[in-house]
There are 2 protein chains.
Amino acid sequence: MDKSCIVRHFRTYAELDAHEEELLDSLEKSPQAFRRGGVIWEEGDEATDFYTIRRGWLFSYRYMEDGSRQVLDIFVPGDIAGLREFAFSGRLTGLATLTDVEICAFPKTRMTEVFGESLLLSNLFFAVAAREQAVLLERLVNLGRRTALQKVAHFVLEMYTRLQRTNNFPDNHFRLPLPQHVLGDALGLSAVHVSRTFGELKEAELLCRDGGHISILDVDRLAQVAGFKSTYLREDLSSVLRALENRAVLPPGSTG
Amino acid sequence: MDKSCIVRHFRTYAELDAHEEELLDSLEKSPQAFRRGGVIWEEGDEATDFYTIRRGWLFSYRYMEDGSRQVLDIFVPGDIAGLREFAFSGRLTGLATLTDVEICAFPKTRMTEVFGESLLLSNLFFAVAAREQAVLLERLVNLGRRTALQKVAHFVLEMYTRLQRTNNFPDNHFRLPLPQHVLGDALGLSAVHVSRTFGELKEAELLCRDGGHISILDVDRLAQVAGFKSTYLREDLSSVLRALENRAVLPPGSTG
DNA sequence: CGGCCAGTTGACTCGCATCAATGTATGTGG
DNA sequence: CCACATACATTGATGCGAGTCAACTGGCCG
C-alpha cells in the first residue's frame, strides 16, 4: 500500500497533482490502532478532530432515552469519520469499531488550510460531503417507506456497491462484519426480525449470509426486490472539473 | 428586505465583508415565481443549478416503485436547494412547492468560483453542508427508532427551532403549511395516523394544529416526549473561524 | 348547486416487536 | 481437559402499533 487510502479514494473523483496528494497524505499520518468493540468517541465529546480510516470497519450510532440505539453510518477504509462535526463543537453521534482498525486523527482546522491551498480539493471535499448526504438520503427512504425485506436487501446492496468501488471482488461474495443486532439497529428492526429476514432472502435464493460473510445469489432480482438504484453512489463531477479548468486559464482576479 | 435571505442566513455564522456579501448576493438574482403546488424539478432531471429560497416553502421528495412517496427535506427562506447534487449530474429527488414561492437559480459551477474567491465562504458552505447532514441524521434517528407520537412531536420541534433562528415569534405559534399527507410522507406514517396523532397531542395538551398553524402549548414537555435536543441545530464555528484568523496573519505560502 | 380537497373517525388487518427457549461457537480459568 | 460464561443466531408464541379501507364532515371554488 504505497498510497494512502484517502488518496486512492479521492483519485476516483479526479486526477491529483503531487502537491494535492501530499496534502491528502498529511491527513493520514500517525495511525492509531483500536481493537474490535472499542469506542473512539461518544456523543457529546469534544469534536476537534476528524479521522481517516486506514484499515477496518467502524460505525456511528446514537443511543435513545429508552436505551435503544440507531446506527447511522458504516465506515470503511478511505472514508473520513466526523466530517459532519465540522460545524459543531460536540460529537453528534458515537463512533465505535466493528473490527480491529487503524485510524488517523487530524485536527478539523486542518481542513481550513486545505481549502486555502487547493481549489480542487475544496471542490472534492464538498463533493464528498454531497455524496455523504446522498447516502443518508437513501437511507431515509429506506427507513421510511420500505418493508424489512427491502431494508435488508437494500442495505446489503449499498455496502456491496460502496465496497466494489475500491475493492473489486469476484463472485459477489464479500465480508460484512456486522452482527445482526447492529444491522437491526441500522435498519430500525429487531435483531430477531433481521434473522428471519435473512431466512426469507435465502429461501428466495437472493442472498445468503454466513457469519460475517454475504453471498449475493442474484444481483438483478435482489436489486429489483429492494428497489435499489445505484445512481446515488455514482457521482459525476465532470461539470465541476470543467469549471475548474476554465477558471484556471482566467487571470487570477477575474470573477467571470 | 435590503439584504438577501442568503446573506442573512450566512451572517448567523460569521461576519461577512463587503466582497463576501456581494458574492452571496450574486447567488440570489433574478428570482422566479412559482405557484403553490408547482414542481421545480423531478428526480432524474439534469442538475445544473442550485436554487436559493427567497420566499415561501418547498419540499423535496422521492417516489417509490409502489407509488408511495418519501418527503426528504423542507426548505424555507435562506436555505439552498440542490446542494446535494453538487457531485451528481441528475437530481436525486424531486422538488415541489408548498406555498407560492420565489426562488433564484444559479449554476452549480458558480460554487467553484466562490470557493476560489473567498476562503471564509468555502468554510461556511462546508458548514452548511455539515449542518444539512446533521438534520438528515436526526431525521434518520426519528424514522428508525421512534413512535408516531414522537415522530410528529420531533418534526414540529425541528421546524420550530429552525424558524426561530431567523424569525422570532412570540407565544410559540407559527405557520406550518404542510398538509397531513405530506407530513405523513415525511415521517413514514399514513395521513390517517398523522391525524390521530395530532389528536393525541392535543389531548395531552402539548400541541395543537389548525389548518396551516401550530401552537406549541408546552415546549419543555413536548421536547421531553419527543426526545428532542436542539444541539444538532446549534452550530458552533468558533474553532473554524479562529483557524481562519490565524491563517490570515501567516505568510501566504506557509503550510504550518 | 355540485365537485374537490383536507381532515376526522371507526373497523379490521398485518408487519414487526417482544419475550422466551434453545442451539452453537468461542473464550477463560481451575 | 472440563465447567462455565458470553456472544451470536435461530425459532415459536403472543401482542401492539400503525396501515388500509371506508364513510362522513366541513370549507372552498367554479
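Labels below follow one simple rule: chain letters A, B, ... track the order of the sequence lines, proteins then strands, and each chain is numbered from 1. Just so you know, these numbers use all the heavy atoms, side chains as well, and skip hydrogens, waters and symmetry mates.
What separates NE2 of B:His213 from C1' of C:dA6 is a distance of 15 Å, to the nearest Å. Across the protein-nucleic acid pair, A:Gln70 atom CD and C:dA17 atom P stand 12 Å apart, rounded to whole Å. Rounded to whole Å, atom C1' of D:dA18 lies 19 Å from atom NE2 of B:His181. Rounded to whole Å, the distance from CD on B:Gln180 to P on D:dA18 is 16 Å. Rounded to whole Å, atom P of C:dA6 lies 15 Å from atom CG of B:Leu176. Following rounding to the nearest Å, A:Arg36 (CZ) and D:dT6 (P) show an atom-to-atom distance of 16 Å. Atom C1' of nucleotide D:dT11 and atom NZ of A:Lys202 are separated by 15 Å, given to the nearest angstrom.
Scanning both residues, B:His181 and B:Ala191, for their nearest heavy atoms gives CA-CB, 3.7 Å.
For the side chain to side chain donor-acceptor pair (under 3.5 Å) test with A:Gln133, the passing option among B:Glu85, B:Glu132, B:Gln133 is B:Glu132; the others fail. Of the candidates B:Gln70, B:Arg69, B:Gln180, B:Arg69 is the only one forming a side chain to side chain donor-acceptor pair (under 3.5 Å) with B:Asp185.
Ring orientation note: the planes of A:Phe169 and A:Tyr160 are tilted relative to one another, at an angle of 30° to 60°.
When atom types are taken as modelled, the side chain of B:Arg221 and the backbone of B:Ala204 share a donor-acceptor pair closer than 3.5 angstrom.
Side-chain atoms of B:Arg196 and base atoms of C:dG10 include a donor and an acceptor less than 3.5 Å apart.
A:Thr52 is listed as a side-chain neighbour of A:Ile80, based on a closest heavy-atom distance under 4.5 Å. Side-chain contact check for A:Val152 versus A:Phe198: some heavy-atom pair is nearer than 4.5 Å.
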**Prompt:** What is the per-nucleotide protein-contact pattern of nucleotides 23-30 of chain D, from the 5' end, where B denotes a base atom under 4.0 Å from a protein heavy atom, S denotes such proximity for sugar-phosphate atoms only, and - denotes neither?
**Reply:** --------
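Here A:Tyr61 pairs with A:Glu42 under the side chain to side chain donor-acceptor pair (under 3.5 Å) rule; sequence neighbours left out.
In the model, A:Thr97 has no side-chain atom that pairs as donor or acceptor with a side-chain atom of A:Arg35 under 3.5 Å.
Among the atoms of the strands shown, none is found under 4.0 Å from any heavy atom of A:Arg146. The residue B:Arg209 sits close only to the backbone: its heavy atoms come under 4.0 Å of sugar-phosphate atoms, none of a base.
Between A:Arg145 and A:Phe198, the one whose closest nucleotide on DNA chain D sits nearer the 5' end is A:Phe198.
Residues from residues 187-195 of chain A placing a heavy atom under 4.0 Å of any atom in DNA chain C, listed by number, are A:Gly188, A:Leu189, A:Ser190, A:Val192, A:His193.
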